[in-house]
Every structure is written in structure tokens, then in C-alpha cells.
2 protein chains.
Amino acid sequence: MIGGIVFTPANCPMRDVLGNIAGKWTTLMIHALSEGPMRFSALKRTIPDISQRMLTQTLRDLQRDGYISRTVYPTNPPSVDYALTDLGRSFLTVLLPLVDWSTSHHGAIREARTAFDAAG
Amino acid sequence: MIGGIVFTPANCPMRDVLGNIAGKWTTLMIHALSEGPMRFSALKRTIPDISQRMLTQTLRDLQRDGYISRTVYPTNPPSVDYALTDLGRSFLTVLLPLVDWSTSHHGAIREARTAFDAAG
DNA sequence: CTGCATCCTTGCCGATACTG
DNA sequence: CAGTATCGGCAAGGATGCAG
């Protein structure tokens, strides 16, 4: 039988989990940290067009959900390291295939858009 | 060497592909169609708290990007079938693991949030 | 260097009413 | 049944300035 599934908010972790990683910068940041810890300024260079406001906010959201850790070194000037937690590295196992898929099918999607828009 | 990657919008399909599937309802709709074609009203029942406006708009966006097809049967009253395309089914291979991951780690994420908020 | 505070713009999304 | 049209709230996000 088809159609018996109902996605109420209550039985749907997709809402609560994917909703947060669906932000504009979230997956980008996790992916940037996949090769190792990075400092605030390094992340800023890796994603040039993110504002400082969004960088700070996204990092805090990811830390809150347990994807990344934040380590402060009280040097002068101070430096802060961000790194993936075990949860964050676990998430990579499903994120990286998603990124690969996006890369492989980017062309097909762009063609579909053009065709759709042409059909008016 | 670490840190050599720079995510400019130009070299980053994540922006163009994941940005569109990151909507509030998008992945939910693709997942709903994973078992077979569904009509407009059936989708509405599957995702009870979506508005007609968002249902229509999300379906059109997904059709534009080539994930789903739209078939109109000129009966009276009219009926419309939505179904995954090959591209949409291909996307399922990376979406479903993501959904499974969300389900398995939902608890850990909620605990992380609580701990973070408690730490203030 | 690594943030936080503020203002402002944009666009997502819901509610409602109306159509073939 | 399957949409379209319009209005409005609210949150995401950008720009700028200030602080530890």
C-alpha cells in the first residue's frame, strides 16, 4: 500500500535535524572543517562571501547542535579553533556523498531549469 | 596541506544544488514521492501542515530543477500526478542515508542542544 | 583576531479569498 | 480537485561600527 505515511512534525526528525543543516552556510562550514581544525579567520578565507555576522552565528548554531567544538587559546591576540566532533565526522559520511552528487548532477539540473524556463 | 580550498560561489555546486533542496519542504516532498507517484491532494494529506501555496510552489521548484514530473489528466474534476524522474530517484540514493542519519542521531543532537543551553 | 550590537533589506512562508 | 492572487508577519541575512 502506498500513501499510508504521514509526515507530522512529531514523528519527523527530518524537520528538526535537516532543518538546521539546511541553512545557507551550514553544510559549507562542516565541509570546510572536514580536513581538520580551522581558525575563525581561516574559515572566513575559505568562504569569502560570508559576512562575519553569519560566520559567528553559523558556528554557534553548529556548536549548539554538537557538530563542532570551539577551543579558545588565550594568546594575544586571541585565537579560536573550530573542529568537527565525533558527531560532525559522523555526519560527513552522509554529507560527502551529497556533495559528490551535487557536483555530478549540477549540469543536468541546470539543463532542466533552462528547459523548464524555455517551455514557459 | 590544509586550507587550500576556497568555496567561491563559482566553483561550488553545493550552493546551486543544495541551496534548492535546503528549503523547508523540499526533501520532505521528494521523500514522500519515493514510493510512487502521488496526486496533489495525496501529498497534502501526507504533509498535513503544508499550505496549498507552499505545496504548489515547492512542486513547481522541484519540477523546474528536474527532480519530479507533472502529469495532468483532463478529467472532470481534473487530477494531476507527481512522480520522481530518473534524476529524482538518483537523488534518493543520497537523501535516504541522510534521513536515516537524522533519525539515528536525533537524540544526540537534542542532548547537545540541552547541554549547550544549560552551559549558557 | 575574534567577536558582539545595531540597523536595514530581502525573501520565505502562512492565511485567506478566489478560479477553471 | 488543483490550483492562482494578494497581503502581511517574521526571520534570515548583509553592512557597518564598536569591544576585549
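Bear in mind the structure is a predicted one, so any value in this text is a computation, not a measurement. Below, read A as the first sequence line, B as the second, and so on, with proteins coming before strands; counting in each chain starts at 1.
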Just N and O in the side chain of B:Arg45: are any of them under 4.0 Å from OP1 or OP2 of D:dC1? no

Interface polar pairs with nucleotides 15-20 of chain D, N/O, under 3.5 angstrom:
none

Take atom [atom1] of [X] and atom [atom2] of [N], then tell me their distance rounded to the nearest Å.
X	N	atom1	atom2	result
B:Arg15	D:dG13	CZ	C1'	13 Å
B:Leu43	D:dA2	CG	C1'	12 Å
A:Lys24	D:dA11	NZ	P	19 Å
B:Asp81	D:dC1	CG	P	14 Å
A:Gln57	D:dA11	CD	P	12 Å

Are B:Leu33 and B:Leu43 side-chain neighbours, meaning at least one heavy-atom pair lies under 4.5 Å? yes

Listed by chain and number, what are the side chain to side chain donor-acceptor pair (under 3.5 Å) partners of [X], not counting sequence neighbours?
X	value
A:Arg110	none
B:Ser90	A:Trp101, A:His105
B:Asn76	none

Separation of A:Ile47 CD1 from A:Leu28 CG (nearest 0.5 Å): 4.5 Å

With sugar-phosphate meaning primed atoms plus P, OP1 and OP2, does B:Ser41 contact a base, only sugar-phosphate, or nothing at under 4.0 Å between heavy atoms? sugar-phosphate

Categorize A:Tyr82 for me: base, sugar-phosphate, or nothing, with a 4.0 angstrom heavy-atom threshold over every strand shown. sugar-phosphate

Donor-acceptor pair, [X] side chain versus [Y] backbone, under 3.5 Å?
X	Y	value
B:Arg15	B:Phe7	yes
A:Ser102	B:Pro13	no
A:Arg70	A:Val80	no
A:Thr46	B:Val6	no

Flag yes if A:Ile50 and A:Ile30 sit in one hydrophobic cluster, no otherwise; membership is Ile, Leu, Val, Met, Phe, Trp, Tyr, and two members link when side-chain heavy atoms are under 4.5 Å apart. yes

Contacting residues from residues 59-69 of chain B, given that a heavy atom lies under 4.0 angstrom of DNA chain C: none

When you check the gap from the basic side-chain N to the acidic O, do B:Asp61 and B:Arg64 get nearer than 4.0 Å? no

What are the 5'-most and 3'-most nucleotides of DNA chain C lying under 4.0 Å from any heavy atom of chain A? C:dC1 to C:dT6

Taking for B:Phe40 and for A:Trp25 the nucleotide of DNA chain D with the nearest heavy atom, the one nearer the 5' end belongs to B:Phe40

